[in-house]
Amino acid sequence: MPKLKVNDIEVEVEDGLTVLQACEKAGAEIPRFCYHEKLSIAGNCRMCLVEMEKSPKPIASCAMPATEGMNIKTNTAFVEKARKGVMEFLLANHPLDCPVCDQGGECDLQDQSMFYGVDKSRFKENKRAVPEKNMGPLIKTQMTRCIHCTRCVRFATEVAGVSELGAIGRGEDMQITTYLEHSMQSELSANVIDLCPVGALTSKPYVFEARPWELKKTETVDVMDAVGSNVRVDTYDWEVKRVLPIINEDINEEWISDKTRYACDGLLNQRLDTPFIKYNGKFEKASWSEVFKIIKSKFENSSKDKVCGFVGDLTNMETGYIFKEFFDRTLNNINYDSRSDNRFLDNSERENYIFNSSINGIEDSDLIFLIGANPRYEATILNARIRKAFVNNNTKVISLNDVGDLTYPYKNLDGQTQTIKTIFEGSEEISKEIISASKPMIIIGESLLKLNSSEQLFNLIKNFLKKNNKFTDDWNPLNLLSCDAATVGNFDLGILNNEKNLLEELKSNKFEIVYLVGQDNLEFNKKDEFVIYQGSHGDKGAEIADIILPGSAYTEQDGYFTNLEGKMQKAYKASYPPGEAKEDWQIINELAEVMNNRKLFNDKEELESSMFNYLKLQKEKQITINEKQKISDFQNEKLNIQIKDYYFSNAIARSSKTMIECNNSKLNIKSTGTDG
């Protein structure tokens, strides 16, 4: 490990680190525009110049490897003059439109020109003008401001895996553009907005909405998929204006998907803000006491076996837990589930339904086998991690199906379940590859669990891995790729019924009362059922309801979510529910009080402590399944990967105007045949 001096402070750094990283380790701040920790080194903005002993010229610290015996100075008059010169060049063509720029107040160029620049320019020439580019419905361009740091180009090529951004022209005529003048075909495209150190790329839906200092910032968790990306929700007067990523190296690094970032405008549309009762096919407004009385009389006039309940895909764990308690204690009934399809689930062990290798573990794997999964659309951030493993380690990826462009090369098989059977019986070339891999990852998608032979195949895969000693103290190769934010949390809380098939009974109209909490994905032909829908949006669940109880969205209540790898994280309240809407746990608690003259829990703290005790007990004891599904004879099936429409995967996304524009933009590209 080389030792060097930075401003007379001796530091020891790892081999391969740059002078810039060594300076940061010594506590010296180095300005930069083109350098970024997650991207390759470009060395083209020259803002990070420092003085090195015995060097006649200043050196670019981001591109110079740190070596033994260097003596670096970062704060001399020589360095100051060099930086002022660089800043003067950078601002030579920059327009003076800070007052109207969306980046104003959080702009690297603005901050650094104040700190390192000069107060006047010697340039008398006219500033150049660059025409705007079409980068789709998410990214607003003002390319006259661009300083050619190429961060966006490197991100698109290296992280997103779409080589659609690049430079054309040379010298003063150089321009950054998408070559075919259409939106970037990546679900991560809007991260270039955060990366841009000037106002050249800004957010189109957020344009002229607010200034950063006017916004209230709340750190929370994303619910658009099961990854649990860490995000910051910015609100203005209780209206969610934007969602930005928070750095969490274990989960989302510092990226978020476009859906996470932009579906938030769906929080304003189609909201349920007052209780409704359906009279003669039309909804009419009602009071809370009215709807509770009707629900109470309905429950009292129905036998408990004729009541069922389903929890939805965006529901926090507190709501799921109190819903379960309401059924267990108030209704004395276990007809509840959180699955909206007939998927196989063995919840006797937690490892059977979580992503055991962890998102971080993807980078350690040497073989990844996707079975019935399309991670690009089911878990965008996780897919970016697989691409990173491929780029950095040349990790081999195999997929049972041809699922289109995943942003990295993979070997695809024929999509037949017979192929899975032969591989995991050990009689294929791929079987040997899995056995010889030191850290293989088998990623099972939800589509596999919906097959007739799903139980047999799941157990076959697990037994094969166990037999070949792939389960070790520091590695578990079995991974379930969940798609919804609430899935793992609901399974942890035991919100599922393995005794009978509630969905089949619902479809054959055996129930009199159906209670849906945020559940918009059930498909059944309603006859005489009395449907109670509790949720935040007037979506599919509300359409079939007889009574609507207005709940809160994920930004309007505190709540825990467990992501696909089993990490529990708390989403914090950033705004308030509209009108008379209440927090979901509160609605169920008040309904229990109307039914039994006593609340299930006195307050949220009591609910949380009861939930944590339940989870602790579940960890200590293995859940026993009363009735194991009978393993049917294996049948060869074609595994069709069923994924939700990416931009309309949940009630919030379906209410989002921006998601509609994204979907239309994608359809337009496909119809014109310019999709690269």
Side-chain angles (χ1 to χ4, degrees), residues 187-188 220-231 243 245-246 248 250-253 255-261 263 311-317 319-320 337-341 343-345 347 350-362 368 370-386 441-450 476 478-493 495-496 518-521 553-554 559-571 641-653:
E187 294 69 42
L188 293 165
T220 183
V221 177
D222 168 53
V223 300
M224 291 296 129
D225 55 28
V227 173
S229 301
N230 287 204
V231 295
V243 173
I246 292 177
N248 183 328
D250 290 336
I251 299 174
N252 57 307
E253 298 184 284
W255 320 122
I256 52 173
S257 69
D258 293 348
K259 185 163 59 171
T260 297
R261 189 184 296 266
V311 177
D313 51 350
L314 302 180
T315 317
N316 60 43
M317 291 178 73
T319 304
D337 210 317
S338 58
R339 293 170 289 186
S340 56
D341 48 46
R343 81 177 73 156
F344 162 70
L345 178 73
N347 66 329
R350 194 172 190 237
E351 68 177 20
N352 290 344
Y353 57 83
I354 67 170
F355 199 88
N356 294 288
S357 303
S358 80
I359 298 169
N360 242 346
I362 291 171
I368 297 172
L370 304 169
I371 307 176
N374 184 338
R376 179 167 178 177
Y377 297 111
E378 292 177 320
T380 305
I381 296 297
L382 186 138
N383 192 61
R385 209 51 101 96
I386 298 177
M441 283 180 76
I442 310 299
I443 300 178
I444 298 171
E446 289 182 352
S447 300
L448 176 79
L449 305 177
K450 297 172 189 173
N476 185 326
L478 187 70
N479 299 285
L480 258 289
L481 184 62
S482 304
C483 298
D484 299 320
T487 302
V488 174
N490 286 334
F491 292 165
D492 279 347
L493 292 169
I495 306 174
L496 53 130
Q519 177 56 269
D520 294 287
N521 301 320
Y554 74 106
Y560 285 94
F561 289 90
T562 301
N563 77 345
L564 50 77
E565 58 183 346
K567 274 185 186 157
M568 190 189 274
Q569 304 180 101
K570 190 168 188 178
I641 298 181
Q642 304 155 9
I643 53 170
K644 296 177 187 173
D645 197 339
Y646 180 75
Y647 292 110
F648 305 132
S649 60
N650 56 55
I652 296 172

Side chain to side chain contact (heavy atoms under 4.5 Å, CB included) evaluation trace for N316 with Y560:
CA-CA 6 Å; N316 60 43; Y560 285 94; 5.9 Å; no
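- In this structure, F491 CZ and N352 CG are separated by 11.5 Å, a value rounded to the nearest 0.5 Å.
- When side chains are defined from C-beta on, P245 does not count as touching E253, because their heavy atoms never get closer than 4.5 Å.
- The shortest non-hydrogen separation linking A653 to A263 is CA-CB, 4.2 Å.
- Judged by distance alone, with hydrogens and angles left aside, the side-chain atoms of N650 form no donor-acceptor pair with the main-chain N or O of F648 at under 3.5 Å.
- A pairwise comparison of heavy atoms in P375 and L382 identifies CB-CD2, 4.2 Å as the closest pair.
- Between V227 and the choices L481, I251, D222, the side chain to side chain contact (heavy atoms under 4.5 Å, CB included) rule is met once, by I251.
- S229 contributes atom OG, which lies 4.5 Å from atom CD1 of I381 (distance to the nearest 0.5 angstrom).
- Under a 3.5 Å cut-off, the side chain of E378 and the backbone N or O of G445 do not form any donor-acceptor pair.
- Counting only heavy atoms from C-beta outward, the side chains of N521 and Q519 approach each other to under 4.5 Å.
- Here the CG-OG distance, from D313 to S340, works out to 7.5 Å after rounding to the nearest 0.5 Å.
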Could you walk me through whether D225 and K644 pass the salt bridge (Lys or Arg N to Asp or Glu O under 4.0 Å) check?
CA-CA 11 Å; D225 55 28; K644 296 177 187 173; over 6 Å; no
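- Counting heavy atoms from C-beta on, the side chains of V243 and T220 never come closer than 4.5 Å.
- Panel note: side chain S338, backbone V311; no donor-acceptor pair is recorded below 3.5 Å.
- Listed for the N356 side chain is a donor-acceptor partner under 3.5 Å among the backbone atoms of I354.
- With Y353 as the fixed residue, the side chain to side chain contact (heavy atoms under 4.5 Å, CB included) test singles out one of V488, T487, L496: V488.
- The minimum heavy-atom distance between G312 and A486, with the atom names listed, is O-CB, 3.6 Å.
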Start with the C-alpha distance between S649 and K259, add both sets of side-chain angles, then the distance that settles side chain to side chain donor-acceptor pair (under 3.5 Å), and finish with yes or no.
CA-CA 10 Å; S649 60; K259 185 163 59 171; 2.7 Å; yes
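- The shortest distance between side-chain heavy atoms of M224 and Y646 does not fall below 4.5 Å.
- Distance check, rounded to the nearest 0.5 Å: CD1 of I246 to CG of N230 gives 6.0 Å.
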Working note: T380 + T260, criterion side chain to side chain contact (heavy atoms under 4.5 Å, CB included); need CA distance, chi angles, decisive distance, verdict.
CA-CA 10 Å; T380 305; T260 297; over 6 Å; no
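- Looking only at side-chain heavy atoms (C-beta outward), N479 and F355 come within less than 4.5 Å of each other.
- For the residue pair N360 / E565, no side-chain donor-acceptor distance below 3.5 Å is found, with atom types taken as modelled.
- R385 approaches I359 most closely through the heavy-atom pair CG-O, 3.4 Å.
- Residues T315 and G320 come closest through the heavy atom pair CG2-N, 4.2 Å.
- For T562 (side chain) and K567 (main-chain N/O), no donor-acceptor pair under 3.5 Å exists by modelled atom type.
- Put simply, CG on D484 and CG on N490 are 9.5 Å apart, with the number rounded to the nearest 0.5 Å.
- Within the model, atoms CD1 of I641 and CD of E446 stand 12.0 Å from one another, a figure rounded to the nearest 0.5 Å.
- At least one donor-acceptor pair under 3.5 Å links the side chain of D337 to the backbone N or O of R339.
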